[in-house]
Structures are given as C-alpha cells and as structure tokens.
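Just below is one structure, and these are the notes that go with it.
One is the number of the first residue; the rest follow in order along the sequence. Nothing here was measured: the structure is a model prediction, and the numbers come from that model.
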Amino acid sequence: MALRSVLNKGIPRGLAQVATRRAFGAEVETISFPDYVLRAPTTDVTTLDGGLRVASETVMGSETATVGVWIDAGSRYETAQNNGAAHFLEHMAFKGTQKRTQQQLEVEIENMGGHLNAYTSREQTVYFAKVFKKDVGNAVEILSDILLNSKLDAGAIERERDVILREMAEVNKQQEELVLDHLHATAFQGTGLGRTILGSEENIRSLSRDDLSDYIKTHYTAPRMVIAGAGAIDHGELCALAGDHFGGLPTTPKGSVEIAMDPAVFTGSDIRVKFDSDNTAHVAIAFEGASWTSEYSFPLMLMQTMLGFYDRSSGLGKNVASKLCQEVGEHELAHSISTFNTCYKDTGLFGIYALAPDNKLDDLFWYLMNNLVRMGHSPSEEEMQRAKVNLKATMLMGLDGNSNVAEDIGRQILTYGRRMTPAEIFSRIDAITIDDVKATANKVINDQDHALAAVGGINELPDYNWIRRHSYWLRY
C-alpha cells in the first residue's frame, strides 16, 4: 500500500503512470494506465503453519461477502476406477454432517439469507458461501463442517446416485457440453483430462463410501487448499477463522505419499457422432494450447479475442469486427461460432466451437482454417489493438461482484501461486506484439495436429486429413 501511495502521489486523477521502460540506447517509454486500474484493492495472502493459504480482497463499504474453499483437486486427479468421486463428494457435502442434518444445514443458511454452493471442474473443486458481513464467521465454520465432517451416509449415497444420473442425462442433452466432453476425451485420450467430470454411469452406480473417503484423505490436504474471500472481509479475522476451523487439516495425504498428477498427452484425433435426421451440426476443433503459466498464454487469450465470436441472432449480425466472423456472417455459414481458450496446469486447448447447417460445413471449414492459419502470417495491427482493448474490458467486467473476485483469487492462487493485479495483466496484454501473435499461431496452429469432436448432421464435414492439410499455407 505504501508503494502504491508513492506511485500515485501527485498524479492527476483519471490517469497515472505505473512503470517506465528503457530500451538500450533508446528513448524512455512510459506506460500509463487509468486511475481505476492502479487503485484496485490489494489482495492480502497469508500462508498458515500447515500450508493452508488464506487470500482476500477487502471492498470498503460492502455489506456482503463471498468466502470459499478452492481445492487443487478435480476429475483429472481421479483414476478410471474412481472417476466421478470429486463430483459425487460435491453432492454429498450438503447431505448432513456429524453436527448438522441436511435440514438443519439448509435452515441455517436460509436464516442467514445466505447462499451455499459448490462446483467441480477438471482441476479444481470449489465450495463457497455468499453471506452478510456479520455472518462471515458462520459461513467459514459451515464450510469447514461440510468439508471435514461430512457423514457420507450410506443411504444418502444410494439416493444421490439417481440424482447424479439424472444430472448426467440433462448434461447430455446440452449439445455444447456433450461435444466439449467428447473433445477432451479424444484430445487427451488415456489420461485424466480425457475423463468426464461426472464420471461414467458404471462408476456412479458403483462408487462406495470407502472410495469417497479415500479421495478426501488423499487430496484434501492443507497445502492444496486456498481459503479465498472478497467483499466485507477483514483479512486478519479470516486468517483466525481459517486457523480455528481448518487448523486440523492434514498436511500430507494418506500414507504420506503425494499422488503425482496424471500428465496430459495431446493426441491428434477426432470423434464423430452422426445423426442423419439432424439438419444442424455441433462441431469443436482444437489444437494443443498453453498452460496457465506458459509464455504463450496471454498471446492465445489475445488471439481468442481477435478471432471473436458470432451469433446470427445478435444485434450485430454480420457487422462484427472479426474477419472470420464477417466471412461466416456474409456467407451464412453458421448459426453461431465461438473461439475458446482453455488452460490447464500443463497444457490447454485452443479452438473454435460452431453450430452450423449440415450443408454448409465444407465451406465453413475452408474459411475457418484459413483464418486460423492467417494468424501466423498476416494478422493486422488494427485488429490486434482492438482485441487488446476488448480483452482488457472483458477481464475487468469479469471482476464485477464479490463472487467473481473470490473466484479469481482462488483460481489464481492455485494456478500461479499469487494473484496478478489488473495493472500487471494490462502490462502483459500491452506488451504483446504482432510478432508474438505470429510466433504463437505458428507454434500452436501452423502444421499441427488437431482434435475434433462433432455431433449431429455431419455428412459434409471434411475428413481429418483434409483439415490437417489446411492447417498450413503453401507459400512460394
């Protein structure tokens, strides 16, 4: 805070200098950011004795807070035998503890006017609560109770099997979710990232109390957890609450043997599920992207924004900035397309998801592949600068609300070991050059194997070799 005060002292409100760079033998270049970026609240981080990290951002004047537990454990840490355990535990956490029945838990949260929820991803499991300022202590105690003292009642486990199977049926009706699961399954086949979060139907029906208990003892250790809070949070108080309620967390897994993360191996391949009765196709194509900490992660974020997204039902229609989306709109090649960039600890997926008429797939992929490869040869300065502004705005808008801030804190502490300030993020975005974009595209896309998943009417979808051949340009 003292350093920030020195930096801001005497600087006009609205614009402030944040850094100065000097190239050898060149003029001084001053980087300036808006005042609201530099005056963003600080993130306080404390590591307790057992390795548990506590991180928070205090928002002055706020009367509500979000506090949660981010755990460095998800479906990729499971085996083929217990796949689905992390998600199953997410359900069981709310079914009663040693000191609270399910009804008592629900009534207590309702009486606080709070909201208690959880979700599981491929690399993380999260439990969080949104409460009033005065109830932060109660929320932390409840989170510790459902995480550390869950009863895992045999009857509740049996009842929950049907609930999860119904959830699976609902997820499989959402074509985008289904296609992206297929994409991971084929891109990372034979590895933890290739398995679904919910697990197989066979596993859901067979997972036992011992399986769930073993997963907790193996992965729920203090060094792999982060207590994150945002809003009406006092950091010292949060550290004391974490020490009181999570101080008994083990520091090592069961047997004192740390489970190694299943390494991700990208495999160029495709999976096609054809329904001749469908007149639309859901298609996702992806190349191996970058990890969270890779030097290519920020250029890929920028490329994602440059390629953009298109939805024919939106107000913009075909009048979008992205060259790819303009061509798709002008030729009416798809109902919608969106670029995605998914990062994991040691790899990632960069690609495009499209919903298109079955008789336009051939033309769609010609334009799609042409624009992907173009990123490595002739991206324009204009589209890059526009994408930088768009990316900054997207990142800042993603921090609206205490829950979004707490999510950002928890995720960054687990992935980076620290939280980047908006000023640092802006600096990293501004530092990207056209040559960086080209180098990134040439590494990720140019003449590289791809993974593809498609469901629906896909008779005209080009085969793997055609797409692979169009992942580069022949230039003489």
* Asked: Counting distance only, does the side-chain N/O of Glu177 pair as donor-acceptor with the main-chain N or O of Asn172 below 3.5 Å?
  -> no
* To do: Could you tell me whether a side-chain N or O of Glu330 sits under 3.5 Å from a main-chain N or O of Glu327, the two making a donor and an acceptor?
  => no
* Asked: In terms of side-chain heavy atoms, does Gln174 have a donor or acceptor partner in Glu170 at a distance below 3.5 Å?
  -> no
* Once you round to the nearest 0.5 Å, how far does CD1 of Ile285 lie from CZ of Phe340? -> 9.0 Å
* Would you check if there is a donor-acceptor pair between the side chains of Thr347 and Ser291 at a distance under 3.5 Å? => no
* Non-hydrogen atoms of Leu165 and Glu201 that approach each other most closely -> CD2-CG, 3.7 Å
* Donor-acceptor contact present, side-chain Asn82 to main-chain Glu78, <3.5 Å -> no
* When you check the side-chain N and O atoms of Gln448 and Ser471, is any donor under 3.5 Å from an acceptor? -> no
* To do: Indicate whether any N or O donor in one side chain lies under 3.5 Å from an N or O acceptor in the other, for Asp278 and Thr280.
  => no
* To do: Answer whether the closest heavy-atom distance between the side chains of Ile434 and Pro379 falls below 4.5 Å.
  => yes
* State whether a side-chain donor-acceptor pair under 3.5 Å links Gln124 with Asp72. => no
* Asked: Is it true that a side-chain atom of Ser314 and a backbone atom of Asp311 form a donor plus acceptor pair closer than 3.5 Å?
  -> yes
* Asked: With no hydrogens and no angle check, is any side-chain donor or acceptor of Ser322 less than 3.5 Å from a backbone partner on Leu307?
  -> yes
* **His282 and Tyr353 aromatic ring geometry - parallel, tilted or perpendicular at 30°/60° bounds** => tilted
* Which atom names give the shortest non-hydrogen contact between Asp358 and Gly457, and what distance separates them? -> CB-O, 3.1 Å
* Distance under 6.0 Å and angle within 45° of the ring axis: does Arg468 meet both against Tyr472? -> no
* So, for Asn404 and Gly398, which heavy atoms are closest and what is the spacing to 0.1 Å? -> CB-O, 3.1 Å
* Asked: Just by distance, do the side chain of Asp408 and the backbone of Val405 share a donor-acceptor pair under 3.5 Å?
  -> no
* **Lys443 (side chain) donor-acceptor with Tyr296 (main chain) under 3.5 angstrom** => no
* Asked: Run the side chain to side chain contact (heavy atoms under 4.5 Å, CB included) check on Leu414 and Arg53 step by step: do they pass?
  -> CA-CA 9 Å; Leu414 284 182; Arg53 287 164 290 180; 3.9 Å; yes
* Examine distances only and state if a side-chain atom of Asn402 and a backbone atom of Thr64 form a donor-acceptor pair shorter than 3.5 Å. => yes
* Out of curiosity, Phe298 CZ to Leu391 CG, how far, rounded to the nearest 0.5 Å? -> 8.0 Å
* Asked: Of all heavy-atom pairs between Leu333 and Lys360, which one has the smallest distance, and what is that distance?
  -> O-CB, 3.6 Å
* **Shortest non-hydrogen contact between Thr440 and Pro299, atoms and distance** => OG1-CB, 3.2 Å
* Structure fact -> Which of Asn117, Leu143, Leu116 passes side chain to side chain contact (heavy atoms under 4.5 Å, CB included) with Phe128? It is Asn117
* To do: Please test Glu167 against His87 for side chain to side chain contact (heavy atoms under 4.5 Å, CB included), starting from the C-alpha separation and ending with a verdict.
  => CA-CA 11 Å; Glu167 180 183 348; His87 178 259; 3.1 Å; yes
* **Donor-acceptor under 3.5 Å (Asp211 side chain, Ser208 main chain)** => yes
* Under 3.5 Å side-chain donor-acceptor pair for Tyr77 and His219 -> no
* Asked: Which heavy-atom pair separates Pro462 from Trp466 by the least distance, and what is that distance?
  -> CB-CE3, 3.4 Å
* **Residue pair Gln189 / Ser269, side-chain donor-acceptor N/O under 3.5 Å** => yes
* Is a donor on one side and an acceptor on the other found under 3.5 Å between the side chain of Asp362 and the backbone of Glu460? -> no
* **Polar side chain donor-acceptor pair, His450 to Glu288, under 3.5 angstrom** => no
* Dump the intermediate steps for side chain to side chain donor-acceptor pair (under 3.5 Å) on Ser427 and Asp430, then the final yes or no. => CA-CA 5 Å; Ser427 293; Asp430 284 335; over 6 Å; no
* Asked: Cation-pi between Arg411 and Trp292: NZ/CZ under 6.0 Å from ring centre and within 45° of the ring axis?
  -> yes
